[in-house]
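Fair warning: this is a prediction, and the values are worked out from it, not measured in the lab.
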Amino acid sequence: MTAASAAVLVKPRAVFTEGSTMRHVAVMTATGSIGLMAIFFVDLLSLLYVSRLGDQSLKAAVGYSSQVLFLAMSINIGLTIAVTATVSRALGAGDRPRARRLAASGLAIAGIFATIIAAALLVFRGPILEHALHAQGHAGEVAYQFLAITLPANIPMALGMCLSGVLRATGDARRAMYVTLAGGAVTAFTDPLLIFGFGLGVYGAAWATVISRLVFLGVGAYGAIFIHDLVGRPDWRSIRRDLRPIMGIGLPSILANLATPVAAVYVTRVISDFGEAAVAAVATTDRVIPVAFGVIFALTGAVGPILGQNLGAKLMHRVRRALTDSFLLSVGYVLIAWAVLFVVSPWINWAFDAQGENARLVTFFCTYGVSAWVFVTCLFVANTAFNNLGFPLLATVFNWGRATLGTIPFVTIGARIGGREHGVEGAMLGVAAGAAIFGISAVIAAYWVTGRLAKRIEKL
């Protein structure tokens with residue numbers, strides 16, 4: 001290492017074991033939100049550009065493709081949770097060499113998983129679109145080609161996300177933010193250039209996605225490897241040794257995260273029976289949700305290292321305080337975002353050229369359907385606690401409980417009660433009802449977990 005690089009090198013330490021837990025949660029959330037909001041806002045712009053092509057089936061195609069990509073993304077999130085949790089615990093315990101080894105092994109494992117998943121979805125994208133999502137006609141054909149372009153980019157995306165997780169584990173929220181911020185900035189430029197400038201249409205949005213994923217990987221590698229020197233050289237012996245602790249968190253996290261896209265696929269399938277206008281409305285709300293609730297996604301990623309470091313330092317009173325701060329901050333934010341969406345719903349319809357049934361469904365979601373997020377955010381925060389405190393199976397149970405018992409019967413019954421005219425609205429309210437049951441239950445379980453851990457540590 002040169003003198004210049006040594007001067008730049010940042011030595012990771014346990015930064016969350018002292019000071020205000022609310023401040024740590026707020027700062028990590030704020031910096032994480034900037035990067036995530038950039039990505040989500042650019043995705044929103046991408047659909048807006050596609051909307052300007054004047055073909056509603058193209059919006060439906062993007063909606064179908066998003067559900068398939070969401071499956072791959074959910075697995076990436078589970079692996080990122082595992083890497084972040086194991087590395088943050090090692091840093092909290094003061095074992096930097098072990099943290100470097102775990103980071104290297106985690107990246108190798110993530111790369112292998114991402115490759116297998118991308119290949120499987122690429123091969124079976126036809127049956128998934130046709131049978132699972134009921135994608136038909138021009139929308140189905142466009143979605144098929146869109147996925148052929150974007151699915152291979154899942155590999156650099158997975159690695160970039162894990163590298164961002166390593167940066168968060170060190171407490172370097174600023175450089176973790178740069179990973180997503182850079183990807184969003186590049187997409188903001190390439191999206192209109194490829195869609196309109198080069199005349200690629202909807203497929204220009206697909207190629208812009210590929211480019212952004214490569215940027216994710218490059219910026220993440222620079223921060224974690226060259227700035228922090230926190231990624232060792234992977235070798236098969238270390239990977240085999242670290243596979244168990246990493247996948248001990250990663251596998252339940254993956255299973256837990258897969259529940260959400262599986263539920264989304266079912267909801268999309270039910271709604272697809274009401275026509276392309278309904279699917280286009282869902283595609284619009286699916287882009288609006290991340291922008292409106294990007295802070296929540298950032299918060300659940302930010303609180304993990306805080307919980308992990310304090311658990312590693314055996315400071316359970318700080319773990320409980322951080323958990324409470326996270327619930328208060330997230331629910332308060334959702335209520336504010338809900339009010340904003342209610343007010344701006346006419347402008348959302350105007351921006352996406354939504355008319356008739358499409359506009360009516362978007363307005364209904366912004367008025368009533370958003371209520372589900374009051375409880376979904378509680379479930380997200382609780383699952384983060386389960387994953388980082390050594391109870392990942394609870395995250396799996398609650399997520400799959402909501403995806404099955406909390407989704408299928410409620411959405412099916414809601415759609416049936418609403419009938420042909422208001423079935424989509426009934427399905428939306430069904431989602432909210434199921435989320436309420438499992439969100440409240442998850443909060444209770446999260447405090448039970450922290451209480452059990454506190455008693456266990458007291459006995460040591």
Quick check: do V376 and R402 have side-chain heavy atoms less than 4.5 Å from each other?
yes
For I348 and C366, run side chain to side chain contact (heavy atoms under 4.5 Å, CB included): C-alpha distance rounded to whole Å, both residues' side-chain angles, the deciding distance at 0.1 Å, then the answer.
CA-CA 10 Å; I348 295 175; C366 292; 4.0 Å; yes
Compare every heavy atom of L133 with every heavy atom of S272, then report the nearest pair and how far apart it is.
OG-O, 3.6 Å
Contacts of type side-chain hydrogen bond (donor to acceptor under 3.5 Å, both in side chains), residue T407, not counting sequence neighbours:
none
Are any non-hydrogen side-chain atoms of T187 and I211 less than 4.5 angstrom apart?
no
Using a 4.5 Å cut-off on heavy atoms from C-beta on, say whether the side chain of W338 contacts that of V374.
yes
Main-chain N/O of I81 paired with T84 side-chain donor or acceptor, under 3.5 Å:
no
Testing V231, D229, V166 for side chain to side chain contact (heavy atoms under 4.5 Å, CB included) with R100, which one passes?
D229
Taking the side chain as C-beta and beyond, is there a heavy-atom pair between N383 and L379 under 4.5 Å?
yes
Could you check whether any side-chain heavy atom of Y222 comes within less than 4.5 Å of a side-chain heavy atom of L163, counting everything from C-beta outward?
no
Could you check whether any side-chain N or O of S164 sits under 3.5 Å from a backbone N or O of G160, counting only pairs where one atom can act as donor and the other as acceptor?
no
Distance from L151 atom CG to M157 atom CE, nearest 0.5 Å?
13.0 Å
L167 side, atom CG; D172 side, atom CG - distance, nearest 0.5 Å:
5.5 Å
F438 ring center near W400 ring center (under 6.0 Å)
no
Could you measure the distance from the CZ atom of R125 to the OG atom of S65? Nearest 0.5 Å is fine.
10.0 Å
Step through the shown structure and confirm whether more than 12 heavy atoms of other residues, nucleotides or ligands are within 6.0 Å of CZ on F196.
yes
L69 and M73: side chain to side chain contact (heavy atoms under 4.5 Å, CB included), yes or no, with the steps?
CA-CA 6 Å; L69 293 171; M73 182 68 72; over 6 Å; no
Value for OH (Y203) from OG1 (T209), rounded to nearest 0.5 Å, stands at 14.0 Å
Non-hydrogen atoms of G106 and V83 that approach each other most closely:
CA-CG2, 3.8 Å
Donor-acceptor pair, S238 side chain versus P234 backbone, under 3.5 Å?
no
If we only count heavy atoms from C-beta on, is the F198 to W207 side-chain gap below 4.5 Å?
no
Would you say F113 has more than 12 foreign heavy atoms packed within less than 6.0 Å of its CZ?
no
For residues L214 and V186, determine if any side-chain heavy atom of one lies less than 4.5 Å from a side-chain heavy atom of the other.
no
Contact summary for L258 and L71, nearest pair of heavy atoms:
CD2-O, 3.8 Å
For the residue pair T404 and Y266, confirm or rule out a side-chain donor-acceptor distance under 3.5 Å.
no
Distance in Å, D242 CG paired with M247 CE, rounded so as to fall on 0.5 Å steps
12.5 Å
Who pairs with D95 by side-chain hydrogen bond (donor to acceptor under 3.5 Å, both in side chains), at least two apart in sequence or on another chain?
none
Please determine whether side chain to side chain contact (heavy atoms under 4.5 Å, CB included) holds for the pair L122 and L147, giving the CA-CA distance in whole Å, both sets of side-chain angles, and the decisive distance to 0.1 Å.
CA-CA 7 Å; L122 195 61; L147 290 171; 5.8 Å; no
Closer than 3.5 angstrom, by distance alone: can the side chain of T450 be matched with the main-chain N or O of Y447 as a donor-acceptor pair?
yes
Could you give the distance from CD1 (I254) to CD1 (I117), rounded to the nearest 0.5 Å?
7.5 Å
With a 3.5 Å distance limit and no angle check, can you tell me whether R213 reaches the backbone of P156 through a side-chain donor-acceptor pair?
no
Could you go step by step and tell me if L91 and V87 meet the side chain to side chain contact (heavy atoms under 4.5 Å, CB included) rule?
CA-CA 6 Å; L91 291 174; V87 173; 4.1 Å; yes
Sort out for me which residue in W373, F375, F293 forms a ring-ring contact (aromatic ring centres under 6.0 Å, His included) with F380.
W373
Just wondering, do L53 and K59 contact through their side chains at under 4.5 Å, heavy atoms?
no
Do you know which two heavy atoms are closest between C162 and A110, and how far apart they sit?
SG-CB, 3.6 Å
Which atom of P392 lies closest to which atom of G248, heavy atoms considered
CG-O, 3.6 Å
Could you pull out the closest heavy-atom pair between A382 and A446, with the gap in Å?
CB-CB, 4.1 Å
